Protein chains: 2
Amino acid sequence: MSKQLSNVDRVYESLRQMAADFAFKPDQRINESELSKLLGASRTPLREALNRLVAEGFLTFQNNRGFFCRSLTPKYILDLYEARVAIECEALRLACRRAKDHEITALGDYLEQIEPDYESGSDPAEQLAMDEAFHLRLAQLSGNDELGRMLRNLNDRIRYIRLIDLKRLRDKTGKRVPGELSAHSRIFLALSGRDPAAAEAAMRGHIEKRREAATEAVQIAFSQLYVPQD
Amino acid sequence: MSKQLSNVDRVYESLRQMAADFAFKPDQRINESELSKLLGASRTPLREALNRLVAEGFLTFQNNRGFFCRSLTPKYILDLYEARVAIECEALRLACRRAKDHEITALGDYLEQIEPDYESGSDPAEQLAMDEAFHLRLAQLSGNDELGRMLRNLNDRIRYIRLIDLKRLRDKTGKRVPGELSAHSRIFLALSGRDPAAAEAAMRGHIEKRREAATEAVQIAFSQLYVPQD
DNA sequence: GTATTCTAAATTGTATACAATTCTGTATGC
DNA sequence: GCATACAGAATTGTATACAATTTAGAATAC
């Protein structure tokens, strides 16, 4: 018998997805009655789920005015990239000390396994999912659950912008995303060699490079969110 | 006219305090009806607040079984200390690059201002509050709101153990907490000199030192939580 | 004594009702 | 035109009721 999901959990998952995708536009006020009808639940479980998302930074809340989508500004996204650097670099340092050899081997296998998809022009969303999975597995080699948890939260809030950035990157280079793969290899090699300084430097450069393109991606995000797409 | 606090907000603040202080014992199941009576609110706003605390890592939730206090284990506390290292070191590096001179001066003034309280044997809880305030202000000099937000969350979840650790430290050394003050000075001096490497090294050592005493503090925490104190 | 089954009590999950507050649009005054 | 005041509509805040589920304890079987 499979575990019984509660209504709150279903609603929460839906809302989290919607918030990640900016199905609510930045700063948009959220109408509870409307949304509860849409999700097929009453306002009670809906509000419980909304409160979780406030605590996770997806939404904001104003007393007697209700829930709002988080803002989308370059500053916000730059902050998220920096927080990723903080979490991922420290996790990587710890991983260099603590990861078991077989865990590193397994991660190397994963990297090889996703390589063909990275090389070919597969779906950008899938490509990003693989990238996130690699980074998350890396962070989990630290053995620190809090760091993993924080990274997952950051990933969910930054994904929309990263996807735009990735698409742009592909468009500019004709389906290829040069550098990304070799950056991952560089990080992995430093980890294999248990060289925290080299690993951190590689990770820092890798994330920083995308951070530099973030402001532009935010501009594009706004045009996508407010101009009707075909 | 002062801002009107909602019932949820009041309940949330109370619960957060209670959870930080382990007024709920580790893994303890939380009875909603009882708690709602205690806090003078119905279950609806109570559950909204509880959901926020789940998302913040103070509580856990199991479907159809309700809310539970988080576990208290050495591993959990060690993870929190490591997460602090990740956040605070990166924030400090950024602060070295970005903090305005007058902000650094102001922080130095604050350090001097709290020095007498640190030297004398003032209330440990106050002393810890001052320590947290210093670290938080430091982190805020990074200009990164996410890092500040994360640090505040970590502080709240680790405070109970840190307070125990601080008390022990004082008992062993007769009201003095040697090294703490000079550690802060060392960090501050490196920041003033805009030397990120030195600053990070000082911060890392500072936190790491307390982390090493964490397991012991957790033992004491358990004895305090389950053995009646006078 | 231990395990199992069953029943009643307790507890959680969610819909709904209604009070409190905010919002919207119209009228009014200057 | 612009600001203000106001009334009605819409929306949020919270208590309550009741269904669904879990828990606790007694009774039974082995």
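A, B, ... follow the sequence lines: proteins, then strands. Residue 1 opens every chain. In this text the structure is predicted, and so the values were computed from the model without any measurement.
- Here B:Asn51 pairs with A:Glu48, A:Arg52 under the side-chain hydrogen bond (donor to acceptor under 3.5 Å, both in side chains) rule; sequence neighbours left out.
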- Message: Please encode protein proximity along nucleotides 8-16 of chain C as a string of B, S and -, counting only heavy-atom distances under 4.0 Å.
- Response: ---SBBBBB
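- Scanning for ring-ring contact (aromatic ring centres under 6.0 Å, His included) contacts around B:Phe67 gives B:Phe61, with sequence neighbours left out.
- For B:Tyr76, there are no ring-ring contact (aromatic ring centres under 6.0 Å, His included) partners, not counting sequence neighbours.
- Atoms NZ (A:Lys37) and P (D:dA10) sit 11 Å apart, rounded to a whole Å.
- A search for ring-ring contact (aromatic ring centres under 6.0 Å, His included) contacts involving A:Phe68 returns nothing, not counting sequence neighbours.
- For B:Asn153, the side-chain hydrogen bond (donor to acceptor under 3.5 Å, both in side chains) criterion is met by B:Arg157, not counting sequence neighbours.
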